[in-house]
Amino acid sequence: MATEKQGHQAPGDIHIRARRRPITQRRHCLALNLGLLSGVVLLLHFYGSKYTAFADLIWPSRTHRDEFDLYEHLGHRSPYFVPSNTPGSLLSGTPPGCTVSKAFLVHRHGSRHPHAEELTTIQDLSYYINNNSALFKDPRSQLPDVWSFLAEGWNNTLSVDFLTASGRKQLFDHGVALRLHYPDLYTEADVLAGDEDRVVESARWFMDGYYGRSSNTTATLNVLGENDDTISWITPHQTCERWNEKFGEDKLTAWRSTYLPPIAKRINDILSKAYPGVYFTEEHVHAMLYACAYETAANGIGSSPWCNVFLPEEILDHEYESDLQMRGFSGYGLPGEMGTVLGSLLASNMTHFLRKDDGPKLSLGFGHDKTIALGLTALGLASDKSFPGSGPIDPDRAWQAGKLMPFGASMFWTRLECGKEKRIQLMMDGANFGLGATGCKIDKWGSCSFKDFQKTAVVKAALKVTHGDKRWKGACHPK
């Protein structure tokens with residue numbers, strides 16, 4: 001059975017001598033120390049537990065910051081981060097006396113460039129700025145610092161859909177972290193990935209981190225078609241005739257018409273003295289928000305000047321748009337039983353894998369934000385009583401895409417051996433996620449009896465769903 005790797009050094013065992021070294025030696029020591037710190041943080045990427053307190057002492061995590069961090073509020077376009085446990089009262093890590101015997105990992109691809117329609121919106125903003133370059137290069141008065149970049153010009157340099165350098169690093173790091181944190185789960189089994197370039201590349205980078213340079217010969221990567229002919233738990237919506245990516249668009253439209261106009265007015269008012277006649281439309285503002293997220297995805301945190309021009313409450317309003325979108329076309333906002341039925345393929349595959357005593361200890365699957373969203377929906381996790389398209393925003397809502405499915409997101413299911421009892425635990429993006437909403441009784445770590453989990457109504461219903469059966473047809477066949 002697998003155990004979390006033991007033997008990290010306690011803070012009290014670290015002795016630092018305050019003496020001056022030659023500059024080259026100091027640089028080497030700095031590099032070594034940063035390397036050691038990076039190693040600890042990699043362990044936090046997968047799965048927080050006992051390393052958290054130690055790491056927080058030497059490298060404060062973005063997990064528990066009190067100040068506003070806009071990069072944790074970019075919705076499903078957020079760079080990967082470890083959120084707080086859900087609920088916040090849960091303890092981190094694995095329950096004492098329990099060991100991990102099997103694990104089922106569902107991983108979203110890493111940070112990517114924008115989709116085509118998002119890129120078009122961003123490019124229109126770039127056209128407006130460059131078509132009015134004479135205006136922007138010659139401000140009539142002092143520009144606010146956060147807007148000074150306009151005088152130097154701004155061009156869109158983003159591409160379409162492909163994985164970025166940050167995305168590659170996320171997946172490689174996560175592969176390394178999983179290998180270090182759960183060494184006894186090591187498995188040379190087939191790896192599954194949806195047939196999308198950014199997903200396949202993400203799987204490859206993870207495999208390189210987990211298996212090393214010989215990953216191509218160590219494990220087999222099986223690519224599953226993302227089309228209407230291939231039955232797949234990674235993209236079940238593709239074989240659902242009734243599914244449409246425009247589901248939820250009515251709420252999106254209502255919310256955009258609510259939150260974008262005030263932002264556009266504020267920005268135009270601020271810039272009116274420096275740039276008489278400037279007119280950024282609501283669509284331009286939307287593009288600025290996209291540019292913030294995707295320039296961050298492409299070039300790293302702190303790289304996009306657009307992130308600095310928004311107030312925290314404006315970022316939160318945009319985050320809610322992301323939540324509405326993900327909930328609308330891959331979650332609880334789908335019509336009827338569609339979300340539950342589609343996500344049942346993931347839930348049933350996970351349950352069947354974990355309850356087998358034989359076979360591989362680890363399952364690795366790579367997909368999309370929708371993959372994770374549908375899985376949550378099938379099991380009744382991260383649900384809210386209401387999610388109004390016109391607000392107000394509930395700051396404590398359960399469905400927050402940035403916490404659940406950012407770039408590089410992970411849904412990590414484990415079977416625990418706790419003496420004579422088997423338990424099941426879920427970690428979302430490295431944080432413990434309580435399973436109480438499924439109907440089973442959880443402990444202080446969010447886990448519950450695996451036997452009781454399988455007896456819950458939502459799990460029993462998921463296990464009964466097969467592609468093309470009565471429930472599937474009821475949810476997916478055109479009315």
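Values reported hereafter were calculated over all heavy atoms of this structure, with side chains retained and with hydrogens, waters and symmetry mates removed.
- At distances below 3.5 Å, at least one donor-acceptor pair connects side-chain atoms of His113 with backbone N or O atoms of Ser159.
- In this structure, Tyr71 contributes its side chain and Gly302 its backbone to a donor-acceptor pair below 3.5 Å.
- With a 4.5 Å cut-off on side-chain heavy atoms, Thr377 and Leu342 do not count as touching.
- If you take OG1 on Thr120 and OH on Tyr290, they are separated by 10.5 Å, rounding to the nearest 0.5 Å.
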Go through the steps for Lys251 and Trp255 under the test side-chain contact (heavy atoms from CB on, under 4.5 Å), then give the verdict.
-> CA-CA 6 Å; Lys251 286 192 174 183; Trp255 182 241; over 6 Å; no
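- One distance of note links NE2 of His467 with OG1 of Thr239; it measures 3.0 Å at 0.5 Å rounding.
- No hydrogens or angles considered: a donor-acceptor pair under 3.5 Å links the side chains of Ser304 and Glu295.
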Arg327 and Asp323: salt bridge (charged side-chain N to carboxylate O under 4.0 Å, His left out), yes or no, with the steps?
-> CA-CA 6 Å; Arg327 190 177 185 275; Asp323 297 344; over 6 Å; no
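- Formation of a donor-acceptor pair under 3.5 Å by the Thr164 side chain with backbone atoms of Gly167 is found in this model.
- Here the rule is side-chain contact (heavy atoms from CB on, under 4.5 Å) with Leu381, and of Thr86, Thr438, Leu404 only Thr438 fits it.
- No more than 12 heavy atoms of other residues, nucleotides or ligands sit less than 6.0 Å from atom CH2 of Trp205.
- Taking the six-membered ring for Trp and thresholds of 30 and 60 degrees, Phe280 and Trp147 have nearly parallel ring planes, at less than 30 degrees apart.
- Checked for salt-bridge contact, Glu283 and Arg256 miss the test: no charged N lies under 4.0 Å from a carboxylate O.
- Considering OG1 of Thr456 and CG of Leu435, their distance stands at 9.5 Å, rounded to 0.5 Å.
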Decide salt bridge (charged side-chain N to carboxylate O under 4.0 Å, His left out) for Glu201 and Arg112; before the verdict, give the C-alpha distance in whole Å, the side-chain angles of both, and the deciding distance to 0.1 Å.
-> CA-CA 11 Å; Glu201 187 180 356; Arg112 59 163 172 81; over 6 Å; no
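- Taking 4.5 Å as the limit, every side-chain heavy atom of Met411 sits out of range of all side-chain heavy atoms of Arg108.
- Between the side chain of Ser215 and the main chain of Tyr211, no donor-acceptor pair closer than 3.5 Å is present.
- Annotation: side chain of Met288 is in contact with side chain of Ile267 (closest heavy-atom distance under 4.5 Å).
- The closest side-chain heavy-atom distance from Val458 to Phe453 is not below 4.5 Å.
- No donor-acceptor pair closer than 3.5 Å links the side chain of Asp190 to the backbone N or O of Ala219.
- The two residues Ser232 and Leu224 have their closest heavy-atom pair at OG-CD1, 3.7 Å.
- Closest approach of Leu362 to Leu185, counting heavy atoms only: CB-O, 3.6 Å.
- Taking the side chain as every heavy atom from C-beta outward, Ser447 and Ile442 never approach each other to under 4.5 Å.
- Side-chain contact, Thr351 with Gln454: no donor N or O sits under 3.5 Å from an acceptor N or O.
- Classification of Arg397 and Asp384 as a salt-bridged pair fails, no side-chain N sitting under 4.0 Å from a carboxylate O.
- Between Pro395 and Ile393, the shortest heavy-atom contact is CD-O, 3.3 Å.
- The two atoms that bring Ile315 and His73 nearest to each other are CG2-O, 3.6 Å, heavy atoms only.
- Side-chain atoms of Tyr186 and Arg179 form no donor-acceptor pair, as typed in the model, at a separation below 3.5 Å.
- In summary, the side chains of Tyr259 and His318 do present a donor paired with an acceptor at a separation below 3.5 Å, with no hydrogens or angles considered.
- Relative to the six-membered ring of Phe450, Arg423 misses at least one condition, a distance below 6.0 Å or an angle of at most 45° to the axis.
- The aromatic rings of Tyr320 and Phe387 sit parallel, their planes meeting at an angle under 30°, below the 60° perpendicular limit.
- In this structure, CE in Met326 is found 10.0 Å from CG in Leu376, a value given to the nearest 0.5 Å.
- Checked by atom type and distance alone, the side chain of Ser202 pairs as donor or acceptor with a backbone atom of Gly110 at under 3.5 Å.
- Residues Leu463 and His352 are in side-chain contact: their nearest non-hydrogen atoms beyond the backbone lie under 4.5 Å apart.
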Applying salt bridge (charged side-chain N to carboxylate O under 4.0 Å, His left out), run through Arg77 and Glu118 and close with a yes or a no.
-> CA-CA 12 Å; Arg77 304 177 187 90; Glu118 296 168 326; 3.1 Å; yes
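- Of the charged side-chain nitrogens involved, none lies within less than 4.0 Å of a carboxylate oxygen, so that Glu319 and Lys403 do not count as a salt-bridged pair.
- Heavy-atom contacts from other residues, nucleotides or ligands closer than 6.0 Å to CZ of Phe162 number 12 or fewer.
- Under a cutoff of 6.0 Å and an axis angle of 45°, Lys246 and Phe329 do not form a cation-pi pair.
- Looking at Thr296, its side chain never comes within 3.5 Å of a backbone N or O of Ile301 through a donor-acceptor pair.
- With hydrogens and angles disregarded, no donor-acceptor distance shorter than 3.5 Å links the side chain of Ser126 to the backbone of Asn155.
- Listed here is the closest heavy atom pair of Asn85 and Asn432: OD1-N, 2.9 Å.
- The CD atom of Gln425 sits 5.0 Å away from the CG atom of Leu416 when rounded to the nearest 0.5 Å.
- Ile372 contributes atom CD1, which lies 7.0 Å from atom OG of Ser410 (distance to the nearest 0.5 angstrom).
- Considering all non-hydrogen atoms of both residues, Leu379 and Val459 come closest at CD2-CG2, 3.8 Å.
- Here the two rings, on Trp306 and Phe149, have centers that are under 6.0 Å apart.
- Evaluated for a ring-ring contact (aromatic ring centres under 6.0 Å, His included) with His107, the options Phe366, Phe407, Tyr210 yield exactly one hit, Phe366.
- In this model, no donor atom of one side chain and acceptor atom of the other lie less than 3.5 Å apart for Ser348 and Ser344.
- Side chains of Gln238 and Asn227: no donor on one and acceptor on the other come within 3.5 Å.
- Side-chain contact between Ser166 and Tyr80 is absent, with no heavy atoms from C-beta onward closer than 4.5 Å.
- Side chains of Asp124 and Thr121: a donor-acceptor N/O pair is absent below 3.5 angstrom, by distance only.
- A salt bridge links Glu417 to Lys422: at least one charged side-chain nitrogen sits closer than 4.0 Å to a carboxylate oxygen.
- Side-chain contact between Val191 and Asn222 is absent, with no heavy atoms from C-beta onward closer than 4.5 Å.
- Here the rule is side-chain contact (heavy atoms from CB on, under 4.5 Å) with His368, and of His237, Glu226, Met405 only Glu226 fits it.
- Annotation: cation-pi geometry satisfied between Lys102 and Phe353 (NZ/CZ under 6.0 angstrom from ring centroid, within 45° of ring axis).
- Only one option out of Trp413, Phe412, Trp233 pairs with Phe104 in a ring-ring contact (aromatic ring centres under 6.0 Å, His included); it is Trp233.
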